[in-house]
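Everything on this sheet refers to the single structure shown next.
Heavy atoms only: backbone and side chains are in, while hydrogens, waters and symmetry mates are out.
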Amino acid sequence: MRKFAADKSRNLLAHTNNFTSVLQHPTASLYSSSSHSQKSQLLLRFLNTTAAPNPSSSESMASDYSSTPVKLDSINPKVLECEYAVRGEIVTLAQKLQEELKKNPGSHPFDEILYCNIGNPQSLGQQPITFFREVLALCDHPAILDKAETQGLFSADSIERAFQILDQIPGRATGAYSHSQGIKGLRDTIAAGIEARDGFPADPNDIFLTDGASPAVHMMMQLLIRSKNDGILCPIPQYPLYSASIALHGGTLVPYYLDEATGWGLEISDLKNQLETAKSRGISVRALVVINPGNPTGQVLAENNQQQIVDFCNKEGLVLLADEVYQENIYVPDKQFHSFKKVARSMGYGEKDISLVSFQSVSKGYYGECGKRGGYMEVTGFSPEIREQIYKVASVNLCSNISGQILASLVMNPPKVGDESYESYSAEKDAILSSLARRAKKLEEAFNGLEGVTCNRAEGAMYLFPRIQLPKKAIEAAKAVNTAPDAFYARRLLNATGIVVVPGSGFGQVPGTWHFRCTILPQEDRIPAIISRLTEFHKGFMDEFRD
């Protein structure tokens, strides 16, 4: 269905005034040299060819609903253009296989599906932080606060925190709407947490609480993108939220390429080249997206590199969109997280010198509360008039969910030394992060031990992005079924082992290279089995397609 939709999209765009040719795709019209053209064409392909087509399915759907008023050629073409690989065709197949295993155990050469496609910690067995959940439970059911047995079931500081939070919520009800930016008292707490982290003041009025970081990204794209002539500088490889959001809002993705040979380094010279090339094509570049720690690539930026990026945005008048949702996920002793706001303020840049939006989420880190949908953006360096417009957009959604708001405040203000929960909280946090570091190292070593596979060091985030040198016969076999070669590999891996990874073509990559993204999230005792399954599959795959 996705391939069918992509085909329909291309046909429709070719006959639409606003999209006069396929070359006007967000990443396809920016370069004239052959190498740049190849990169742009690859980015176009990764949005449309991550899996083999299924014409029988799409044809039957078309015939079944032929009398309904909404057809693929009558919906918003931006929706057809949008793709999101981490929940794409491979995952759909995995869900189908999971149902088959449930109905008919033993029907496949594996007994379970291992979802290594997405940063979803609790789905793979990570336990929530006890203190966070105790506070949430008490806030959601405040009647138990007055019961005698509560003192024995909950820690004293979780009870105290719940009382504090409930006093800040209108009506003391988590089922009520809040202020569109989020509950003021919770924003106060988050601002204090940011100030403690960075050493520079933070204003609660700069905080917009959102249902995870993704809606905040959409909000900023909606604000900045006016037409196809507006561009957003975005890393390649990139988290496909950005390409999808830029497509949905009708803008142009301007790619800059991370350097795999230098550990996925960000080169300012490449940023400058891409910016100038975009300008020469009539693209007004509005913002620069930086993901730190990186997704899918797992690198952590050095502070001097961040300083270069801040200077670049200041000089070029770009909004800096800083995706910092993995700030707690650092696994190597020689790297540490610095927020871009801290870096900018340390350099002497004030509120009126640089426009900066920082994104944070409760879904990642050591907390992994993806389903609670909590997050925020800190918006600095915008005039009061623009702030009013951002608030208006936030108001259209009424408010983010209250449980997510509470969690965001807890993440930025966890138990402190002397609190009853501090020791257990610290033990849970340290156990999760140290285990993630060990898992990352084991998988990194395993990938580097496979024939034709190289994998950069896992410095942070929740993923590895190994590069695979596929045999020519495998590439030809993939082309024969109209599939990207890394998607062909990922599909074969899934069918043989039950392991779900995301093809690198879903994130973008340098032409002629192939990758896949694998999370480090399966529980530590499962990692040896995963490595064993993957190693056996890979050996068989390489033997089957050996040139």
Subject >> Glu267-Ser269 side chain donor-acceptor pair, cut-off 3.5 Å >> reply: no
**OP:** Flag the pair Lys442 and Glu524 as a salt bridge only when some basic side-chain nitrogen lies within less than 4.0 angstrom of an acidic carboxylate oxygen.
**Re:** yes
Original post:
Between Asn304 and Gln307, does a side-chain hydrogen bond (donor to acceptor under 3.5 Å, both in side chains) hold up when you go through it step by step?
Top reply: CA-CA 5 Å; Asn304 66 336; Gln307 292 170 347; over 6 Å; no
Subject >> Side-chain donor/acceptor of Asn314 to backbone N/O of Asp353, under 3.5 Å >> reply: yes
Original post:
Phe541 versus Phe488: any side-chain heavy-atom pair under 4.5 Å?
Top reply: yes
Subject >> side-chain hydrogen bond (donor to acceptor under 3.5 Å, both in side chains): pairs with one or both residues in residues 529-538, sequence neighbours excluded >> reply: Tyr489-His538
Subject >> Heavy-atom side-chain proximity of Val362 to Phe132 below 4.5 angstrom >> reply: no
Original post:
Has the side chain of Thr497 got a donor or acceptor atom that lies under 3.5 Å from a matching backbone atom of Leu494?
Top reply: no
**OP:** Evaluate the side-chain proximity of Thr189 to Ile165: yes if any heavy-atom separation is below 4.5 Å, no if none is.
**Re:** no
Original post:
With sequence neighbours excluded, what pairs up with Asp211 under the side chain to side chain donor-acceptor pair (under 3.5 Å) test?
Top reply: Asn401
Original post:
At what distance, to the nearest 0.5 angstrom, does CG of Leu443 lie from OG1 of Thr519?
Top reply: 8.0 Å
**OP:** May I ask you to test the Ile207-Gln181 pair for a side-chain heavy-atom distance under 4.5 Å?
**Re:** no
**OP:** For residues Val217 and Leu321, determine if any side-chain heavy atom of one lies less than 4.5 Å from a side-chain heavy atom of the other.
**Re:** no
**OP:** Mind checking the OH-CZ spacing from Tyr376 to Arg187? Nearest 0.5 Å is all I need.
**Re:** 13.5 Å
Subject >> Ser358: partners by side chain to side chain donor-acceptor pair (under 3.5 Å), with sequence neighbours left out >> reply: none
**OP:** Give the C-alpha distance, both sets of side-chain angles, the deciding distance and a yes or no for side-chain contact (heavy atoms from CB on, under 4.5 Å) between Tyr257 and Gln274.
**Re:** CA-CA 9 Å; Tyr257 286 80; Gln274 307 296 5; 4.0 Å; yes
**OP:** Would you please say whether a donor-acceptor pair under 3.5 Å links the side chains of Asp486 and Ser505?
**Re:** yes
Original post:
side chain to side chain donor-acceptor pair (under 3.5 Å) with Ser361: which residues, sequence neighbours excluded?
Top reply: Ser363
Subject >> Asp157/Arg161 salt bridge by N-O under 4.0 Å criterion >> reply: no
Subject >> Exam field: side chain Asn329 to backbone Gly365, donor-acceptor pair closer than 3.5 Å >> reply: yes
**OP:** Only pairs at least two apart or in different chains count here, so list each ring-ring contact (aromatic ring centres under 6.0 Å, His included) that has a residue in residues 321-346.
**Re:** Tyr326-Tyr463
**OP:** Please answer whether the main-chain N or O of Ile432 pairs with a side-chain N or O of Ser435 as donor and acceptor at a distance below 3.5 Å.
**Re:** no
Original post:
Distance from Ile232 atom CD1 to Ile225 atom CD1, nearest 0.5 Å?
Top reply: 4.5 Å
Subject >> Ile530 side, atom CD1; Cys518 side, atom SG - distance, nearest 0.5 Å >> reply: 7.0 Å
**OP:** Look only at the side chain of Arg286 and the backbone of Val319, and say whether a donor-acceptor pair between them is shorter than 3.5 Å.
**Re:** no
Original post:
Within a strict 4.5 Å, meaning less than it, do heavy atoms of the Ser424 and Thr130 side chains meet?
Top reply: no
Original post:
Are the side chains of Leu521 and Leu436 in touch, meaning some heavy atoms are under 4.5 Å apart?
Top reply: yes
Original post:
Pairs in or reaching into residues 304-326: which pass salt bridge (charged side-chain N to carboxylate O under 4.0 Å, His left out), with residues at least two apart or in two chains?
Top reply: Lys279-Glu316
Original post:
Looking at residues at least two apart in the chain, or sitting in another chain, which of them share a salt bridge (charged side-chain N to carboxylate O under 4.0 Å, His left out) with Asp188?
Top reply: Lys184
Original post:
CE of Met220 to CD1 of Ile390: how many Å apart, nearest 0.5 Å?
Top reply: 4.5 Å
**OP:** May I ask you to test the His218-Leu248 pair for a side-chain heavy-atom distance under 4.5 Å?
**Re:** yes
Original post:
Do the side chain of Lys372 and the main chain of Ser403 share a donor and acceptor less than 3.5 angstrom apart?
Top reply: no
**OP:** State which residue, out of Val500, Val501, Ile499, Ile90, fulfils the side chain to side chain contact (heavy atoms under 4.5 Å, CB included) condition with Asn117.
**Re:** Val500
Original post:
Taking the side chain from Glu444 and the backbone from Ala458, do they hold a donor-acceptor pair closer than 3.5 Å?
Top reply: yes
Original post:
So, does Ser409 use its side chain to make a donor-acceptor pair with the main chain of Ile406 at under 3.5 Å?
Top reply: yes
With a cut-off of 3.5 Å and sequence neighbours excluded, list every side-chain donor-acceptor pair involving residues 192-202.
{"from": "Arg197", "atom 1": "NH1", "to": "Gln327", "atom 2": "OE1", "distance (Å)": "3.0"}
{"from": "Asp198", "atom 1": "OD1", "to": "Ser339", "atom 2": "OG", "distance (Å)": "3.0"}
{"from": "Asp198", "atom 1": "OD2", "to": "Ser339", "atom 2": "OG", "distance (Å)": "3.0"}

**OP:** Go through Tyr256 and Leu266 one step at a time and tell me if the side-chain contact (heavy atoms from CB on, under 4.5 Å) criterion holds.
**Re:** CA-CA 8 Å; Tyr256 66 90; Leu266 192 163; 3.7 Å; yes
Original post:
Can a donor-acceptor pair be found between the side chains of Asn448 and Glu445 at a distance below 3.5 Å?
Top reply: no
Original post:
Can Ile246 and Met221 be said to form a side-chain contact (heavy atoms from CB on, under 4.5 Å), step by step?
Top reply: CA-CA 7 Å; Ile246 292 166; Met221 296 303 178; 4.0 Å; yes
**OP:** Can you sort out the partners of Phe447 under ring pair (Phe, Tyr, Trp, His ring centres under 6.0 Å), two or more places apart, ordered by chain and number?
**Re:** Phe516
Subject >> Backbone of Ser400 reached by a side-chain donor or acceptor of Gln405 within 3.5 Å >> reply: yes
Original post:
Hey, is the main chain of Pro414 close enough, under 3.5 Å, to the side chain of Lys416 for a donor-acceptor pair?
Top reply: yes
Subject >> From Leu320, Val289, Leu253, Val254, residue fulfilling side chain to side chain contact (heavy atoms under 4.5 Å, CB included) relative to Leu233 >> reply: Val254
**OP:** Evaluate the criterion side-chain contact (heavy atoms from CB on, under 4.5 Å) for residue pair Asp419 and Phe131; output intermediate values, then yes/no.
**Re:** CA-CA 11 Å; Asp419 293 340; Phe131 175 79; over 6 Å; no
Original post:
Does any pair with a residue in residues 447-463 pass salt bridge (charged side-chain N to carboxylate O under 4.0 Å, His left out), and if so which ones, sequence neighbours excluded?
Top reply: Asp334-Arg457, Lys335-Glu459, Glu451-Arg546, Arg457-Glu459
Original post:
What distance do Asn295 atom CG and Tyr239 atom OH have between them, rounded to the nearest 0.5 Å?
Top reply: 7.0 Å
Original post:
Any idea which heavy atoms bring Pro237 and Leu258 closest together, and the distance?
Top reply: O-CD1, 4.0 Å
Original post:
What residues, two or more places apart in sequence or in another chain, satisfy side chain to side chain contact (heavy atoms under 4.5 Å, CB included) together with Gln122?
Top reply: Pro128, Arg133, Glu369
Subject >> Asn292: partners by side chain to side chain donor-acceptor pair (under 3.5 Å), with sequence neighbours left out >> reply: none
